[in-house]
Protein chains: 2
Amino acid sequence: MDLSERQLQILQAIITDYVENAEPVGSRSIAKKYDLGVSPATIRNEMSDLEEMGYLTHPHTSAGRVPSDKAYRLYVNELMKKKNLSAKDKRMINDRLSASRDEFDRTIRHAAELLSEITHLASFAMTPATNEETISFIKLLPVDERTLILMIVSEGGQITNTTLRLTVPYTQEALDLLSKNMTVSYKGRTLDDVLKSEIIHDVGSDIEALSSLKGSVMPGFLRTLEDMLNVNLYMEGMTNIFNLPEYTSIDRARDFMELFARKDWFTQKMLARDNGVVVTIGDENDTMKDCTLITATYHVDGKLVGKIGVIGPTRMKYDEITSIMEYLTNNLSESFRLPGSTGDGNAGDKKQKK
Amino acid sequence: MDLSERQLQILQAIITDYVENAEPVGSRSIAKKYDLGVSPATIRNEMSDLEEMGYLTHPHTSAGRVPSDKAYRLYVNELMKKKNLSAKDKRMINDRLSASRDEFDRTIRHAAELLSEITHLASFAMTPATNEETISFIKLLPVDERTLILMIVSEGGQITNTTLRLTVPYTQEALDLLSKNMTVSYKGRTLDDVLKSEIIHDVGSDIEALSSLKGSVMPGFLRTLEDMLNVNLYMEGMTNIFNLPEYTSIDRARDFMELFARKDWFTQKMLARDNGVVVTIGDENDTMKDCTLITATYHVDGKLVGKIGVIGPTRMKYDEITSIMEYLTNNLSESFRLPGSTGDGNAGDKKQKK
DNA sequence: GTTAGCACTCATTAAACGAGAGTGCTAATT
DNA sequence: AATTAGCACTCTCGTTTAATGAGTGCTAAC
């Protein structure tokens, strides 16, 4: 049961108008503003049909029509045209996103800030999940007699280091040996794997000094692995939503804020989403059924995948926002590419239902 | 112009009642609930006097009285008695605050969480400012031919390290020499000082290889210094305030949230506050004139000073909250004491106007 | 198939009203 | 002289009522 050309035009007009003004739109105003060459009465009839098909709703009898989630879905999948970013937005992204591998986290946070500034919505950005990363080698570097640096290098080139302070002195020999043993034991295994497997015994404890050192180092090692696995989540522009008419009720605003207070939960949810630009509208989300959530992925060295997203009411400028996010993530992926590497990171445009 | 005993009793009763119920309190309910042995009429007369002296206000003619900032000030300075923590709260703090020097930031964040949970207010915690810390030594450790670890150790024992990736290979000699030169140049100077002074030239560039290496390392060095100087600010329990009657207006809530969005600004404000338990009420704050802000300080090794605090409406349980914060900061300072060191960190009880 | 016309619906706003809580004053009481 | 009882007065808050107006849905004409 396809929609006629005119129905699509009317639906598009209603969406455009409602997104703009946040108020139920009536037949008369459609007829006046959008030049469809038909009278309000005709539009009324069509609207009635569209409502029957589930694309529109009625807050109450004598109010205008409001697009349903289904209408937005149709719009995102079929009607929406890619928007060209304004020169201002492009400039903003290019200028302010001085990404560099060194300042990874900082860049990611900047990206989230930028996104919320441009879209006037709440935004977030996540550093890549490193579940699949494998360990390349582990090194223990001496600092002073009771202090050492533990360094973990992943195959993907990620390097993390932590300073450990021991309660007893160590010897250089023990240090070297432990480094070697740990590397042998863990090389090629994923962080996840190493952290979960409790096989910490087999690192070798032949020598007394080594065994003691191992005991001191291991907890730090595990903690560092955990830190490597932890994706960082940055949230920006939370207060933007206070300016939106759909959040003038304190309860709505509270719900919204509380969602973000549970960072870890939210992170999990977002990690589960597909790659590329993903739009989930209203009911398609299992929580926040009156929100739309748009995420996009950026790539590091064309491999690791991080996410960036915006959250707002289902009424939002889908065309603009998806375009902005595509531009932004391409820009990010570009910045995070290893000098030598190739591969375009596949920052595609898959609009898909989750 | 001192207050009579009875006036103090009445004032105390009004504060207690208002703090509890958040509604203007009338003469009749005071007479009924608090056994002062006088009739409502007498209380009315006293209330009238108290109002004239600026301790009470009237939302409108025929409403009950509400304590003014001045009244809260008097209460905090004179009337308030130290409260004993409930066993539950004590246990909570003792159990959950498994502080350890290694996981400094984590512990601080936990403390903020805990504080907001116990007080049902918004809380924050700041890591210590290290402006005054001086550099002990700088070390460059080799990782692979183009990667090295830069380590900065402060006199106070703080250790920070960053991984640097160079575009060109380096030599071991150059590395050692640069480490030595940098240590000589910067040893004993404060982080602040080093960062501000642009005297990066005199690190010595006699050798070609050294000069090139220096050029690559210096930006990373400065960035790391900046990171060391940056105090981290953790905010928790923001959404608690939505449950308070004073924040049912969306505008109020928005203002509140927006304040915290500007983390850096807020950090600056908080750094400027005195040590110990400091309470600033309503107008005493230059922003947030309808809030009370309570901060307390904890100590690291009896020296460095970090802050923890709560924010809420001027109507709050001053006695409980200050007691909780004192207990909590003492606990923190205790945990962050170096094994060898002494000195009680002077976590005093100075209630003072800012 | 389209449009004009018109009755009808329903949210929103303003005004009117009564109830209730609390004060402030005066006069009586201790 | 201090305290209290009594009462008129004020102001908020919730409810009711009425008017307004935007917008639909239907019918009949084009």
Side-chain angles (χ1 to χ4, degrees), chain A residues 2-11 13-18 20-68 71 245-246 248-250, chain B residues 3-11 13-18 20-68 71 245-246 248-249:
Chain A
D2 265 1
L3 299 185
S4 72
E5 186 58 33
R6 192 169 68 187
Q7 284 175 324
L8 287 176
Q9 276 178 7
I10 290 174
L11 189 57
I14 291 174
I15 290 175
T16 308
D17 203 81
Y18 184 69
E20 185 71 33
N21 303 313
E23 262 164 36
V25 15
S27 56
R28 224 177 88 88
S29 64
I30 289 288
K32 215 185 267 181
K33 281 196 232 172
Y34 306 85
D35 206 17
L36 301 179
V38 287
S39 77
T42 312
I43 294 176
R44 270 204 293 283
N45 291 331
E46 296 285 31
M47 291 204 298
S48 182
D49 291 352
L50 284 169
E51 179 161 7
E52 209 168 336
M53 289 185 268
Y55 292 104
L56 296 177
T57 48
H58 241 180
H60 53 88
T61 319
S62 91
R65 296 312 210 289
V66 172
S68 67
E246 22 274 283
T248 42
S249 135
I250 199 84
Chain B
L3 299 184
S4 74
E5 187 58 33
R6 192 169 65 189
Q7 284 175 324
L8 287 176
Q9 276 178 7
I10 292 174
L11 190 56
I14 292 174
I15 291 174
T16 308
D17 202 83
Y18 185 69
E20 186 70 31
N21 304 313
E23 263 163 36
V25 14
S27 54
R28 222 175 90 87
S29 64
I30 289 288
K32 214 184 268 181
K33 281 196 233 171
Y34 306 85
D35 205 18
L36 301 180
V38 287
S39 76
T42 312
I43 293 176
R44 273 205 292 284
N45 291 330
E46 297 285 30
M47 291 204 298
S48 182
D49 291 351
L50 284 168
E51 178 161 9
E52 209 169 337
M53 289 185 270
Y55 291 104
L56 297 176
T57 46
H58 241 180
H60 54 88
T61 319
S62 91
R65 296 314 210 285
V66 172
S68 67
E246 22 273 283
T248 42
S249 136

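Here is the naming used below: chain letters follow the sequence lines, and residue numbers restart at 1 for every chain.
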Would you check if the side chain of A:Thr57 reaches a backbone N or O of A:Val66 as a donor-acceptor pair within less than 3.5 Å? yes
If you apply the rule side-chain contact (heavy atoms from CB on, under 4.5 Å), what do you find for B:Thr42 with B:Ser39, and how did you get there? CA-CA 5 Å; B:Thr42 312; B:Ser39 76; 3.3 Å; yes
Here the distance between atom P of C:dG20 and atom NE2 of B:His60, to the nearest Å, is 17 Å
Heavy-atom closest contact (B:His58 atom, B:Gly64 atom, distance): CD2-O, 3.8 Å
Is it the case that the side chain of A:Ser27 and the backbone of A:Ile43 share a donor-acceptor pair, with hydrogens and angles ignored and the cut-off at 3.5 Å? no
How long is the line joining CZ of A:Arg65 and P of C:dC10, in whole Å? 14 Å
Hey, is the side chain of A:Ser39 poking within less than 4.0 Å of OP1 or OP2 on C:dT2, counting only N and O atoms? no
Which whole-number value in Å describes the distance from A:Leu36 CG to C:dG1 P? 19 Å
For DNA chain D, which nucleotides open and close the run of contacts to chain B, 5' to 3', at under 4.0 angstrom from a non-hydrogen atom? D:dT3 to D:dT12
For A:Arg6, give me all partners under salt bridge (Lys or Arg N to Asp or Glu O under 4.0 Å), at least two apart in sequence or on another chain. A:Glu46
DNA chain D nearest-nucleotide lookup for B:Pro59 and B:Glu46: closer to the 5′ end is B:Glu46
Any side-chain N or O of A:Arg6 less than 4.0 Å from the OP1 or OP2 oxygen of C:dG1? no
How close do A:Tyr55 and A:Ala71 get, counting heavy atoms only, and between which atoms? O-CB, 3.2 Å
Rounded to whole Å, CD1 of A:Ile43 lies from C1' of C:dG1 at a distance of 15 Å
Earlier contact from the 5' end, DNA chain D, for A:Arg44 and B:Thr42: B:Thr42
Would you please confirm or rule out a distance under 4.0 Å between OP1 or OP2 of C:dC10 and any side-chain N or O of A:Thr61? yes
